[in-house]
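Beneath this line is the structure, given in C-alpha cells, with notes to follow.
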Amino acid sequence: MKKLKLVAALLAAAPLLSHADATIYGSIRTGMDWFKDAHTNQSSMGVDDYSSRIGFKGNEDLGSGLKAIWQVENGFDSSGKGGTGSASGTFANRTTFVGLQGDFGKVRLGYLDDVTSETEATDIWYDARRSGLAFPLYEGNDLIGAFGDGRFKNSIRYDTPDLAGFSGILQYGFDETAPAGQPKAGQWGARLAYTYSGFFGAYAYQAKFNQGSNHGQTASINRIEGGYDANNLYLAATYNWNKSFGDATGLGIGSTDTAAELKSQTWAVTAAYDIGAFKPKLTYSQYKSPKVDGQEVDWGRKQVAVGLDYSLSKRTLLGVQYAQIKNDHGYQVANGDKGDKSSSAGVYLKHNF
C-alpha cells in the first residue's frame, strides 16, 4: 500500500516536472554489511540500504532578483526491507519545503533540516540503516531526552546570504500536535558560520521547549566545529555539549526521577585525504560520562570508524569501512546490553543521479 501511495504521489508530481525549472535527483546507496550488536551480542550479515533518496526541486523567476523555490525529497529502503522514518516510503519524508530566495537570502516553510544537522563536519560517512556505527557519537546518543541532528516539522527557516565569508541560520519549529491541556514542545535554532581560504568554523545552538514530564524545562544543544578543506586534505573537529530531560528510572542508577536532567559532552575528530580516485578516511569520537541530576554516571562511549572510498566516476562511488563502539559498563546496564562492543564492516555502492 505504501508503494502504491508513493507511485500515486510521483504521478501527481509529473506536471511539475514538465517545467524547465524542475529537476529530479537522487542517490541510491546499497551495500553488504556484517554487524555485531552489543545489545544482543549476536552477529548477522546481509544487504542493507545506506540512506537512499529521491527528490524533486525547482524554482520560478518572479522578477527583480526574487525566486520562488521548492523541494520534495523522499527517503526509501533500496533493500526492500522497509522501516520507519526516511525508510518508511512515505512521501516527503525528508527535506521538503516551499520558499522565497533573493539578495536577502532565503526563507522556507516546511519540513527542514535543523541547525545541528547542518553542523556535522566530522560526519563524512555512509552507513547501513540497521547499524549506523560510523556516525560520530554526538548524533542522538543521550539515553535521556535525545534530540537534534534531524529536521524540524512545521518549520520556518531563514538563511542569510554569504556576507564576506559569514553566513547564518535562524529557525523555528512549531509543535502542532501537543495533547489537549499540555504545553507546546516547539524547537528553535540558530547557527553562525565562517569560511576563508579552505578554513571553516561554525557554532550552532538548538533548544526544545517543555521537555520531560514536568514540562517547563528547556533542553539545549551547543555545538562548535572547525576545520580545513582544501588541497585534497580534509580535517574537522567537533565539540558538543547537551542538556536534556527525561525519565531516569529503570536505568540502573537508582533514580526515581521521571524528569531528570542529563548533561553530556562529546567530541569528535575526522581526517580524509584524496589520492587520485581514492579517499582514505578516519573518525574518532568520545561521549564522556554524563551527569544525571548532578551525579556522574558510567555511561561513556568511544567510537572509531575507518574507511576507503573509490570514485568509479563523478556519480558512482565504491566504499569499504569498519566501525566500532565500545560502551562503559554503566551504559551496558542502562541499555540492557549483553556485550560491551558493537562493530560493523561493509562494502557499499552509491550512485547519484
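In this text the structure is predicted, and so the values were computed from the model without any measurement.
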### Task
Determine whether the side chains of Arg94 and Asn74 contain a donor N or O and an acceptor N or O closer than 3.5 Å.
no
### Message
So that I can tick it off, tell me whether Lys281 and Asp309 are bridged by a salt bridge, with the cut-off set at under 4.0 angstrom between side-chain N and carboxylate O.
### Response
yes
### Task
Classify the angle between the aromatic ring planes of Tyr205 and Trp188 as parallel (below 30°), tilted (30 to 60°) or perpendicular (above 60°).
tilted
#### Entry: Electrostatic pair Asp77:Arg29 at N-O distance under 4.0 angstrom
no
### Message
Which heavy atom of Tyr287 sits nearest to which heavy atom of Thr266, and what is that distance?
### Response
CD1-OG1, 3.3 Å
### Task
Step by step, work out the salt bridge (charged side-chain N to carboxylate O under 4.0 Å, His left out) result for Asp328 and Lys288.
CA-CA 10 Å; Asp328 288 350; Lys288 298 175 66 177; over 6 Å; no
#### Entry: Asp113/Arg157 ion pair, N-O < 4.0 Å
no
### Query
How are the rings of Phe174 and Tyr172 set relative to one another: parallel (under 30°), tilted (30 to 60°) or perpendicular (over 60°)?
perpendicular
### Query
Are Trp267 and Val304 joined in one hydrophobic group, where the rule is that I, L, V, M, F, W and Y side chains link up if heavy atoms are under 4.5 Å apart?
yes
### Message
Could you check whether Asp33 pairs with Arg130 (Lys NZ or Arg NE/NH1/NH2 to Asp/Glu carboxylate O, under 4.0 Å)?
### Response
yes
### Ser79 side chain to Asp49 side chain, donor-acceptor N/O pair below 3.5 angstrom
no
### Message
For the residue pair Thr119 / Arg191, report whether a side-chain donor-acceptor contact shorter than 3.5 Å exists.
### Response
yes
### Message
Could you walk me through whether Gln324 and Lys341 satisfy the side-chain contact (heavy atoms from CB on, under 4.5 Å) test, starting with their C-alpha distance in whole Å, then the side-chain angles of each, then the deciding distance to 0.1 Å, before giving a yes or no?
### Response
CA-CA 7 Å; Gln324 182 186 95; Lys341 294 179 183 177; 4.1 Å; yes
### Task
Nearest 0.5 Å please: distance from the CD1 atom of Ile28 over to the CZ atom of Phe353.
5.0 Å
### Query
For the atom pair CD1 (Ile325) and OG (Ser343), what is the distance rounded to the nearest 0.5 Å?
10.0 Å
## Note on the structure
Note: Gln206 and Thr116 closest approach over all heavy atoms is OE1-OG1, 3.0 Å
### Summary
Which of Leu133, Asp337, Thr40, Asn41 passes side-chain contact (heavy atoms from CB on, under 4.5 Å) with Ser342? Answer is Leu133
### Task
Using distance alone, with no hydrogens and no angle criterion, decide if Ser27 and Asn352 have a side-chain donor and acceptor under 3.5 Å apart.
yes
